[in-house]
Participant: 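After the structure tokens below, expect a handful of questions from me.
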Amino acid sequence: MKKLLALALALIFCLPFAACGNDSSGSSDKITIGIAQVEEHLSLDTIRESFIEEMAALGYGEDKVEFIYKNAQADQNNLNSICQQFVGDDVDLIVAIATPTAQAAATATKEIPILFSAVTDPVLAKLVDSMDAPGGNVTGTSDYIACDKIFDLALQITPDVQTFGLIYNTSESNSLSVIEEAKAYLDEKGISYVESPVTNTSEVQQAMNSFVGKVDAVFAPIDNTVAKSMSVVTDVSRKNNLPVYVSADSMVSDGGLATIGIDYTVLGKETAAMAKEILEGADPAQVPVRVMSDVSTYINVETAQAIGVEIPQEILDSATLFGNQ
Ligand code: TRP
């Protein structure tokens, strides 16, 4: 009873003063950044870790910032409620990793600044009006790279490919624009292709199996669903001597044969640099989307050996290599 009375008195005396030290009411003087991630796969985790590390290097460490990290486990409803919760908590900035996340965040608020990370095609995803002038409360970094470079590499490594299998999730706009470019490239070269679209990770095995005996190599864009399923993809690839060309370093380290791609640690850092600008007053509407210009070649030598593909020495010399030899 005494305790209750003390509590009641404390409340009465405290209420009129704003700074009563109650963090959960939002009166904490720390900046709050909500980080939403559609799901956990190597590449997205790398981006988040690199972002938080670089924020500290830029003077926005955990002493100043409360980072609230939520992962939606690839569920659209989870994503929506995570973003709505960030809006309810009135965070200072939402960092949205990958396209589906950024789309959920953009639907949840037109007020709170949203910084996306690793969105392949922010215009097609309807997140920005244009790359140079986003126009709303949303801007960020893009991991777009021309897939022509990946196909050039593929045809250098396996010049005899006559048919490519294309695997991607039809609901990921980040994949759709790359697939359009891939088809245009293949049409121009007179190479045929077979598509095996999926809608979630449970369909990946079947889609990969459907390629066996029909295609000479597989191409996967920067697709979250395929990235999440690389162990299944690699298994089918190695059992059937089927080269799988992918679009991100993490997909090579998870068993894909090769790619040309950006460094996602650098992309995480660039996202942090933009976060600093926005926290210090820049208007997202006028902060251009940043695209990474440096790319490297990544090869999985263990996969190459397993499927009997010889990688030309000049490619190996300048590539980052994954897998045990
Ligand atoms: N670019 C993807 C998107 O727009 C996200 C992503 C980042 C990704 N790194 C990746 C997807 C690696 C697959 C593999 O949603």
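Read the numbers this way: they start at 1 and go in the same order the structure lists the ligands and their atoms.
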Participant: Just wondering, are more than 12 heavy atoms of other shown residues or ligands nearer than 6.0 Å to NZ in K189?
Facilitator: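 Counting other residues, nucleotides and ligands, NZ of K189 stays at 12 neighbours or fewer.
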Participant: Near M251, which atoms of ligand 1 are under 4.0 Å from a heavy atom of that residue?
Facilitator: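 By the 4.0 Å cutoff, the relevant atoms are 14 (C).
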Participant: Among protein heavy atoms, which lies nearest atom 4 (O) of ligand 1, and at what distance?
Facilitator: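 Protein heavy atom at minimum distance: T99 OG1, 2.5 Å.
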Participant: Would you call K149-D152 a salt bridge at under 4.0 Å N-O?
Facilitator: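 The answer is no: the pair does not qualify as a salt bridge.
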Participant: Can you tell me the protein heavy atom closest to atom 10 (C) of ligand 1 and the distance?
Facilitator: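 Result: S43 OG, 3.4 Å.
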Participant: For atom 7 (C) of ligand 1, grab the closest protein heavy atom and report residue, atom and distance to one decimal in Å.
Facilitator: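 Looking at atom 7 (C) of ligand 1, the protein heavy atom closest to it is D143 OD2, 3.4 Å.
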Participant: Taking the six-membered ring for Trp and the single ring otherwise, decide whether the centroids of F164 and Y193 are under 6.0 Å apart.
Facilitator: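 Here the rings of Y193 and F164 have centres that are no less than 6.0 Å from each other.
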Participant: Checking contacts here: is it the side chain or the backbone of L44 that comes within 4.0 Å of ligand 1, counting heavy atoms only? Could be both or neither.
Facilitator: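 Under 4.0 Å from ligand 1, L44 contributes side-chain atoms alone.
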Participant: Within a distance under 4.0 Å of any heavy atom of A98, pick out the atoms of ligand 1 and give their elements.
Facilitator: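 In order of number, 5 (C), 15 (O).
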Participant: By number and element, which atoms of ligand 1 are closer than 4.0 Å to a non-hydrogen atom of A248?
Facilitator: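 Selected atoms, number and element: 12 (C), 14 (C).
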Participant: Could you go step by step and tell me if T158 and Y245 meet the side-chain contact (heavy atoms from CB on, under 4.5 Å) rule?
Facilitator: CA-CA 10 Å; T158 44; Y245 295 97; 2.7 Å; yes
Participant: For the CD atom on Q313, are there more than 12 heavy atoms of other groups (residues, nucleotides or ligands in this structure) within a distance under 6.0 Å?
Facilitator: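 It does: Q313 CD has more than 12 such atoms within range.
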Participant: Considering the options N224, D223, T99, which one meets the side chain to side chain donor-acceptor pair (under 3.5 Å) requirement together with S175?
Facilitator: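 Per the side chain to side chain donor-acceptor pair (under 3.5 Å) rule, the option paired with S175 is D223, out of N224, D223, T99.
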Participant: So, is T120 polar-close to ligand 1, with some N/O to N/O distance under 3.5 Å?
Facilitator: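 Yes, since at least one N or O of T120 sits under 3.5 Å from an N or O of ligand 1.
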Participant: Which atoms form the tightest heavy-atom contact between A106 and L127, and what is the distance?
Facilitator: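 So the two residues come closest at CB-CD2, 3.9 Å.
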Participant: Taking only heavy atoms of V119, which atoms of ligand 1 are found under 4.0 Å from at least one of them?
Facilitator: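 Atoms satisfying the 4.0 Å criterion: 4 (O).
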Participant: When you measure from atom 5 (C) of ligand 1 to every protein heavy atom, which one gives the shortest distance, and what is it?
Facilitator: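 Atom 5 (C) of ligand 1 sits closest to the protein heavy atom A118 O, 3.4 Å.
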Participant: Using a 4.0 Å cut-off to any heavy atom of A227, which atoms of ligand 1 qualify?
Facilitator: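 Answer for ligand 1: 13 (C), 14 (C).
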Participant: So, 4.0 Å and heavy atoms of H41: is ligand 1 close enough to count as a contact?
Facilitator: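 Heavy atoms of H41 do come under 4.0 Å of ligand 1.
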Participant: Using a 6.0 Å cut-off, check whether atom CD of E280 has over 12 heavy atoms from anything other than its own residue.
Facilitator: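 Yes - once you tally the heavy atoms of other residues, nucleotides and ligands closer than 6.0 Å, there are more than 12.
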Participant: Around atom CD of E62, are there more than 12 heavy atoms from other residues, nucleotides or ligands closer than 6.0 Å?
Facilitator: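 Count not over threshold, so no.
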Participant: Just need the protein heavy atom nearest to atom 8 (C) of ligand 1, so name the residue and atom and give the distance.
Facilitator: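 Here the nearest protein heavy atom works out to I222 CG2, 3.3 Å.
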